[in-house]
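One structure is given below, encoded as C-alpha cells.
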There are 2 protein chains.
Amino acid sequence: MPRTHKRKRFKKVVTRIPVSGQRMQMQDIANLAGVSTSTVSRALSHSSLVNDETRTRIAELARSHNYSINIGARNLRLQHSRTVAVVVPYDVRTRQHISDPFFVSMLGSLADALTEQGYDMLLSRVDAERLDLVAQLEASGRAIGVILIGQWHHHDQLNELANRKVPLVVWGARLPRQTYCTVGSDNITGGLLATQHLIETGRRRIAFFGDPELPEIGQRYEGYQRALKHHGIPLDARLVVAAEFSEGSSRRAVDALLEKKIVFDGVFASSDLLAMRAIGALREKGLIVPRDVGVVGYDDIELSQYFHPSLTTIRQPILKGGEALVNALLALVANKALSSEVLPTELVVRESSAPSPAPP
Amino acid sequence: MPRTHKRKRFKKVVTRIPVSGQRMQMQDIANLAGVSTSTVSRALSHSSLVNDETRTRIAELARSHNYSINIGARNLRLQHSRTVAVVVPYDVRTRQHISDPFFVSMLGSLADALTEQGYDMLLSRVDAERLDLVAQLEASGRAIGVILIGQWHHHDQLNELANRKVPLVVWGARLPRQTYCTVGSDNITGGLLATQHLIETGRRRIAFFGDPELPEIGQRYEGYQRALKHHGIPLDARLVVAAEFSEGSSRRAVDALLEKKIVFDGVFASSDLLAMRAIGALREKGLIVPRDVGVVGYDDIELSQYFHPSLTTIRQPILKGGEALVNALLALVANKALSSEVLPTELVVRESSAPSPAPP
DNA sequence: GTGAAAGCGCTAACAA
DNA sequence: TTGTTAGCGCTTTCAC
C-alpha cells in the first residue's frame, strides 16, 4: 500500500518530457504553457472560465505541436461519442451489395451528412445472415447507433434488433408490424409513375423485372399493378420475372420471356443496373430499345444519362435520403419522437422509353 | 481527503445492479458470475489463466446479456486501437470524387481487407485543400493510420504529412522524391497496352483524353507516348485533350477535336467513365464506335461490360489493391521495412476497340 | 481564473 | 486460479 502511494506520487510529479516518437498529450501542453491540464482542457474546449490570453497561448501551443485531444479518453470520460456506424450487409457468396451504384451514392451522401453534423462514420460490412452482430457496434461503444443500407429480406432480424433497443435506422420500405425505423422513397408511386409512363408512350405488354419478395421491390411492383389496373390492362403473371441484382439474371429474364414466346413491348426494371443489363440482353436478341421495347429503370444512377440509349428512370432522392437517415438516427439516440419517413420519387424521361410508332 | 476516500470506498463496494436502460459493463457480468472483473476480463480475452468452467460460464453470461467489451476503454488501457481511417479527398466545389466507380470499388475492397484483418474502417471525407487535417485522425487516436484514395495533385501536401510521421499510405503513382508510401497499378504499362492495342487494331490517329498533370494519368500518358514511338507514329499534341473526370468534359473534348477538324480514329480515355461519356458524345456527332473510332478506357469498372458497345479497357487489380494498401499501412504502423508497390495491369478486350475495316 | 484529485471501463502487474 | 489495485488520457467538481 505505501509502495502504491509512492508510485502514484512519482507519477504525479509532472515531468513528462515529450520524448520524440511519443505521442503528445495534454500534460505536455500543460508543461509547455506552465499551467495545469485542467486549464488546457478548458482552453481547448473554449470554456469561458479561462483567461483569454491563456487560451490563445494554449491553442497556439497545441497547434504548433500537432496536438489533438485523444478522442478515446475524452469519450470515456464524457460517456458519449460522435461516431455512427453505417452497415452494408453483404451476402457471403456474392459480396455484391456494396457495388450497386445506388448504395454507393447513398454512402457518399451519408458521409456528407454525418461530416456536416460533426460525426465520424464507421463503415462496417456485416454478413447478412448475422445481422445480430450489428448490435455489438453499439454495445461496444464503437458507435452511438447504426444506419443500415439494404433492407433485403431481413425484416424479422431488424425487428429483433429494434426490440433489443439497438438504435437503428434502415434505408428501405415501411412495412406492416415494423418496430424499427425506416427512411426510404415512395416506391409505390415510383412504380406507378414508371409503368404509367410506359403505358402512356404506347406500351401495353409491360414486363416487370425484379424480386417482389424484397420489400422495396414489392412496393414498386404494387405501383406497377396499380398503373395497369388503372388503365384497364390485365396483369399477366408470365411477364413478372424475379430477376435479382446479380449478374446474368437480367439476361436470363430476357431469354426466358423470348424462349416462351411471351410477347412484350415494355420493361419496368426495378433498378438501373437491371435495366442496363436487360437492354444489353435485348440487343443481343436483335431487339432495339426503345423501338421494339421501351425500358424504364429505377434509381437514376449517374451512368444512366450516359448509357445508350440514355435511361428513363425513377429518381430516388439520395441527398435527402442521407440527411434524413442521419437526422432520424440522431433523433432516435436522443429519444425524440420519431416516425419512419417516405421521400418523394420522380420520373426522369430519357431515350429508353421514347414512344414506339403507333401500332397499325 | 477523508471524504474522498469514503467516496472511493462507496464506489468500490460492488453493488452495481444493471439498471434497465443502463449499459451493461464488466462489473455487472462479474457480479452475475460471482467473480471479479479481472476474471471476466481474462475469460473474455481467452486467457489461459482462467478455469475452463468459469470461462464458459462467463462467456455465456456475456452473450445472454448482450454484453460487449467497451472498445474505447479497452483501447485507452491497451494504448492501441484497431481502427484505420480511409480518406477520400473531395473537391469542395464538385464533391465528385467519391462517386467515381473505381474509387468506390476500392472502398469495398478496403472494407473487405480491413474486416479480414480485424480492423474497423473509419471513412472520412476531407477537403482536398486541407489535407493537413488527416493528421488529426491519427493524432487524436481515432485511427492508427490513414489510407488515402486519390493522389490527385497533392504530392507536396502528402510529402509533408509523411514528413510529420503520419502513418499514411496512398493509392496512386510512385513519384520522384516521394516520402510517403504509395500502392498503385502499373500505369505506364497500362497506357502502353491500351495504345498498342489501338494501333494493332488499325488505328493511327489516337487521341488521349485525360489530364497528364495528375500523376497516375501522367504515367498512362507516358505509356501512350512510348507505344506511339515504338510504332513510329508521331505524337500530335493536338490529339491530347486534358479532359477531367467531371461531367461534360468528355463532350467538350470531342467537340473541340471535331470543331478543329482534327482527324482521329482512336481514343484512349484515362478512365472508363471518361470513355463512356466520350462514346456518347461521338455518337451524338454521328460517329460510331468502334466503326469510326476505336475506344479504350481504363479501370474496368463493373458497368464496362454492360455498356454498348462493351468497353475495351485496362483492368486495375482492385482486390489486390485493397489488400496491398492495408498490408502496407499495417507494416508502416509496425515500423516494418516498406516500399511502395506497383501492381500489374491487364488489357481486357471487348467491342469498343474492334478492328476497323482496313483503310482503302 | 486556476489547480488538485477522482473516475469514465477496462487490463495487467502483483499478491495471495 | 483468482482478486486487488493502479492507471491509460481526459473532464469536471470542488477548493482556493
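Here is how names work: the chains are called A, B, and so on, in the same order as the sequence lines, proteins then strands, and each is numbered from 1. Predicted model only: the values in this text are computed from it and were never measured.
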**Euclidean distance, atom CG of residue B:Asn70 to atom P of C:dG7 [Å, nearest integer]** = 18 Å
**Request:** Mind running a 4.0 Å heavy-atom check of residues 73-83 of chain B against DNA chain C and sending the residues that fall below it, in number order?
**Result:** B:Ala73, B:Arg74, B:Arg77, B:Leu78
**Set of residues satisfying side chain to side chain donor-acceptor pair (under 3.5 Å) with respect to B:Glu129, sequence neighbours excluded** = none
**Counterpart residues, side chain to side chain donor-acceptor pair (under 3.5 Å), relative to A:Asn163 (two or more places apart)** = A:Thr179
**Prompt:** Looking at D:dG3, does its base get a donor-acceptor pair with the side chain of B:Arg42 below 3.5 Å?
**Reply:** yes
**Fill in**
Residues at least two apart in sequence or cross-chain that pass salt bridge (Lys or Arg N to Asp or Glu O under 4.0 Å) with A:Arg55, listed by chain then number, are A:Asp52
Show me the donor-acceptor pairs within less than 3.5 Å that the side chains of residues 322-336 of chain A make with the rest of the protein, sequence neighbours left out.
residue, atom, partner, partner atom, Å
A:Asn327, OD1, A:Gln117, NE2, 2.9
A:Asn327, ND2, A:Glu323, O, 3.3

**Prompt:** Checking side chain to side chain contact (heavy atoms under 4.5 Å, CB included) against B:Ser105, which of B:Ile318, B:Leu319, B:Leu110 comes through?
**Reply:** B:Ile318
**Message:** Quick check on contacts: within residues 45-67 of chain B, what sits under 4.0 Å from DNA chain C by heavy-atom distance?
**Reply:** B:Tyr67
**Request:** Would you kindly give the CG-to-P distance between A:Asp28 and D:dC8, to the nearest whole Å?
**Result:** 12 Å
**Asked** How many Å lie between CD on B:Gln27 and C1' on D:dT4, as a whole number?
**Response** 12 Å
**Asked** Rounding to a whole Å, what distance do you find between A:Met26:CE and D:dC10:C1'?
**Response** 6 Å
**Request:** Return the value, rounded to whole Å, for the distance between atom CD1 of A:Ile69 and atom P of D:dC8.
**Result:** 18 Å
**Message:** So, using side chain to side chain donor-acceptor pair (under 3.5 Å) as the criterion, who are the partners of B:Arg177 when residues are at least two apart?
**Reply:** none
**Flag side-chain contact, heavy atom, 4.5 Å: A:Asp91 against A:Trp152** = no
**Item:** Distance test, side-chain N/O of B:Thr37 to OP1/OP2 of C:dC10, below 4.0 Å
**Value:** no
**Asked** Can you list every side-chain hydrogen bond (donor to acceptor under 3.5 Å, both in side chains) pair that touches residues 59-78 of chain B, not counting sequence neighbours?
**Response** A:Arg164-B:Asn66, B:Glu60-B:Arg63
**Set of salt bridge (Lys or Arg N to Asp or Glu O under 4.0 Å) partners for A:Asp127, sequence neighbours left out** = none
**Message:** Can you say whether a donor on the side chain of A:Ser38 sits under 3.5 Å from an acceptor on the base of D:dT12, or the other way round?
**Reply:** yes
**Request:** Taking B:Asn31 for its side chain and B:Asp28 for its backbone only, find out whether a donor-acceptor pair lies under 3.5 Å.
**Result:** no
**Message:** Counting only side-chain nitrogens and oxygens, does B:Thr39 get under 4.0 Å of the OP1 or OP2 atom of D:dT2?
**Reply:** no
**Message:** Report for the helix from C:dG1-D:dC16 to C:dA16-D:dT1: angle between first-end and last-end helix axes, five pairs each, rounded to 10 degrees.
**Reply:** 40°
**Item:** Length of the CD1-C1' vector between A:Ile71 and D:dC10, whole Å
**Value:** 11 Å
**Residues in side chain to side chain donor-acceptor pair (under 3.5 Å) contact with A:Ser41, at least two apart in sequence or another chain** = none
**Asked** Is there a donor-acceptor pair under 3.5 Å between the side chain of B:Arg142 and the backbone N or O of A:Ile71?
**Response** no
**Prompt:** Is there a side-chain contact between A:Asp132 and A:Glu160 (heavy atoms, below 4.5 Å)?
**Reply:** no
**Asked** So which of residues 138-146 of chain B are in contact with DNA chain D, with a heavy-atom cut-off of under 4.0 Å?
**Response** none
**Item:** Pair A:Glu138 + B:Arg23, salt bridge at N-O below 4.0 Å
**Value:** yes
